[in-house]
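The chain is numbered in sequence order, starting from 1. Here the structure is a predicted model, which means the values were calculated and not measured. Atom set for the values below is all heavy atoms of this structure, side chains included, hydrogens, waters and symmetry mates excluded.
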Amino acid sequence: MSEYQDFLAKKVANTIGDGIMPREVPDEMKPHQRDAVMMCLKRGRAGLFLDTGMGKTFCELEFARQASDAGNGRALILTPLAVAQQIAREGDRFGYDAKVIREQSDAISGINICNYDRIEKLDLSSFGVIVLDESSILKNFSGKTSRALIDAFSRHRFRLAATATPAPNDHMELGTHSEFLGVMNANEMLSRFFINDTSTASQEWRLKGHAVDAFWDWMASWSCMAESPADFGHDASEYVLQELSVIRHKCEEGITQPFGDGLFAQELSATNLHDVKRQTIDARADIIAELAGNSSDPWMIWADTNYEADALNARLKTDAVEVRGSMSPDEKEDGINRFLTGQTRILISKPSIAGHGLNMQHCAHMAFVGRSFSYETWYQAVRRCWRFGQKRPVQVHLAVAEGEDQIGRVIDRKSANHAKMKRAMADAMRRAMGREETTKVAYNPKHLARLPTWIQSAA
């Protein structure tokens with residue numbers, strides 16, 4: 001192949017996977033879960049973007065089982081911290097041969113589950129199937145680690161990237177998924193479908209006006225995207241979210257910095273946010289500690305910084321367990337599992353540590369001692385408890401200081417953008433399923449034709 005032909009080949013949007021014709025799935029699977037697994041297995045390399053509580057873990061396990069049977073017999077599911085044990089429990093529940101491993105010598109034939117932070121202890125080439133659970137975590141890695149993951153699995157026939165939040169307000173993350181799955185290079189995706197909007201201060205990438213439908217149809221060609229079984233055309237009456245109440249508690253302490261006075265007063269921003277937090281930490285911690293301490297229910301408390309966690313620990317003392325970044329992986333897993341299994345009533349941690357993948361629907365009370373401008377951090381943290389399967393209304397308490405209404409406005413704007421994106425994805429999904437159903441109609445001949453005389457004579 002010439003250099004120019006090679007260049008043209010790289011421009012092709014590779015939406016054709018190397019999948020298999022799926023076998024029947026377990027009877028316990030819901031219709032939308034069955035559809036998702038079938039579509040992903042047929043593609044071989046796919047994105048699985050199902051909202052929280054729709055059974056994404058069950059789908060991952062079934063994909064890993066059928067794909068490993070068609071491959072070398074070994075599948076690897078990589079997960080965020082402490083999620084490995086949760087997936088293993090799901091595996092036991094549905095009868096899968098799945099094992100949590102910590103190094104290569106632990107690997108078995110079947111489904112292996114390991115935390116992301118242990119991948120350096122594995123021989124990744126020994127697994128024929130790779131599943132990235134909570135794959136949006138890729139963008140939280142350094143560029144070097146993301147590149148290493150993409151390169152390590154570039155030749156794997158079976159790849160699944162699963163998350164409930166593919167790129168809320170960050171289309172570049174979709175490019176990372178596309179590149180990991182071998183569909184299209186991230187930079188090529190940007191140049192084909194997006195334009196760098198220089199009219200904004202941040203020069204954001206936005207979809208070209210004429211490319212909107214084409215982009216989402218392309219997405220639907222290699223991924224399953226749904227926030228409800230209705231997006232697959234199935235009954236969604238069992239999938240109704242409980243009421244969510246966001247309750248703001250105003251800190252009374254005054255702020256002397258960084259706002260200042262008069263002409264040179266500053267607005268709250270991601271840069272000076274921690275200055276405000278430090279000035280109000282005692283008031284914030286008092287509010288949240290009193291709420292959680294006077295309750296008998298489980299509480300999940302999110303802290304952005306160690307000094308916030310320290311202030312909460314000083315007030316809650318033996319009522320809470322904290323999980324922080326300086327702990328060993330084993331210590332982190334132990335602390336989180338103690339909360340998930342009811343051994344401790346209150347968990348204090350950062351969204352970056354415990355905000356992905358974990359099912360905390362046993363808990364209906366959550367608090368933020370402070371929050372950032374990150375919409376995904378907010379969304380993922382809240383959805384640990386507020387998800388399909390939650391039986392009670394969920395309360396989210398915020399300790400806020402003067403001026404922090406700006407954060408709320410930013411989060412609300414990003415939330416609206418995310419909702420718009422999910423509607424576009426759902427519409428594209430329905431279009432894709434319509435096309436697939438059309439191509440699945442088998443030919444059933446009903447008319448008996450007779451060969452012409454001149455053909456009969458020729459024979």
Side-chain angles (χ1 to χ4, degrees), residues 47 49-53 134-140 163-177 186 189-190 193-209 212 215-216 219 223 225-228 231 241 244-248 267-274 276-277 302-305 350-352 354-357 366-387 394 396-401 403-428:
F49 305 145
L50 303 182
D51 217 337
T52 51
E134 295 300 325
S135 53
S136 63
I137 205 171
L138 275 171
K139 75 172 184 301
N140 294 329
T163 179
T165 55
N169 307 291
D170 182 4
H171 291 103
M172 191 60 204
E173 186 190 327
L174 295 176
T176 305
H177 279 82
M189 181 203 77
L190 286 177
F193 298 109
F194 292 83
I195 186 169
N196 194 356
D197 190 352
T198 57
S199 66
T200 62
S202 57
Q203 297 190 14
E204 298 176 349
W205 289 91
R206 61 174 175 82
L207 273 169
K208 298 174 183 176
V212 173
F215 174 75
W216 294 117
M219 281 285 302
S223 60
M225 309 169 290
E227 60 177 338
S228 166
D231 293 332
L241 289 170
L244 176 70
S245 301
V246 179
I247 305 165
R248 293 169 174 80
E267 288 190 351
L268 187 68
S269 67
T271 303
N272 59 34
L273 177 60
H274 283 290
V276 175
K277 285 187 174 185
W302 301 108
D304 281 337
T305 65
K350 298 177 182 177
S352 59
H356 288 267
M366 181 181 294
F368 290 77
V369 71
R371 61 173 178 169
S372 69
F373 283 93
S374 170
Y375 167 71
E376 187 184 4
T377 295
W378 163 259
Y379 183 89
Q380 283 278 17
V382 170
R383 293 308 288 264
R384 294 312 97 220
C385 300
W386 187 54
R387 54 195 291 125
V394 175
V396 178
H397 296 264
L398 299 174
V400 298
E404 289 193 27
D405 53 334
Q406 293 173 243
I407 297 179
R409 289 196 295 270
V410 170
I411 295 295
D412 289 344
R413 175 177 58 79
K414 292 181 177 180
S415 177
N417 291 342
H418 188 207
K420 181 179 178 180
M421 186 194 84
K422 289 198 292 184
R423 287 194 298 271
M425 294 172 73
D427 290 342

Is there a donor-acceptor contact under 3.5 Å from the side chain of Ser415 to the main chain of Ile411? no

**Q.** Side chain Ser374, main chain Thr377, donor-acceptor under 3.5 Å
**A.** yes

Scanning both residues in full, the closest heavy-atom pair of Met366 with Cys385 reads CE-SG, 3.4 Å

- Does any non-hydrogen side-chain atom of Val396 lie less than 4.5 Å from one of Leu244? yes

On a heavy-atom basis, the closest approach of Glu227 and Asp231 is N-OD2, 2.9 Å

Hits for ring-ring contact (aromatic ring centres under 6.0 Å, His included) against Trp378, two or more places apart or cross-chain, chain-then-number order -> Phe368

The side chain to side chain donor-acceptor pair (under 3.5 Å) partners of Arg384 (sequence neighbours excluded) come to Gln380

To the nearest 0.5 Å, atom CD1 of Ile247 lies from atom NE2 of His397 at 4.0 Å

| query | Hey, does the side chain of Lys414 reach the backbone of Phe373 with a donor-acceptor pair shorter than 3.5 angstrom? | reply | yes

What one should report as the nearest heavy-atom pair of Arg387 and Leu241 is C-CD2, 3.5 Å

Query raised in the report: Going by atom types only, do Tyr379 and His418 share a side-chain donor-acceptor pair under 3.5 Å?
Result: no

In this structure, OG1 of Thr163 is separated from CZ of Phe49 (nearest 0.5 Å) by 7.5 Å

Residues Pro351 and Trp302: closest non-hydrogen pair is N-CE3, 3.5 Å

Between Met225 and Ala428, the two heavy atoms sitting closest are CE-CB, 4.5 Å

- After noting the C-alpha distance and the side-chain angles of Asp427 and Trp216, does the key distance pass the side chain to side chain contact (heavy atoms under 4.5 Å, CB included) rule? CA-CA 8 Å; Asp427 290 342; Trp216 294 117; over 6 Å; no

Side chain to side chain donor-acceptor pair (under 3.5 Å) filter on Asp412, not counting sequence neighbours, yields none

Between the CE atom in Met189 and the CZ atom in Phe194, the distance rounded to the nearest 0.5 Å is 4.5 Å

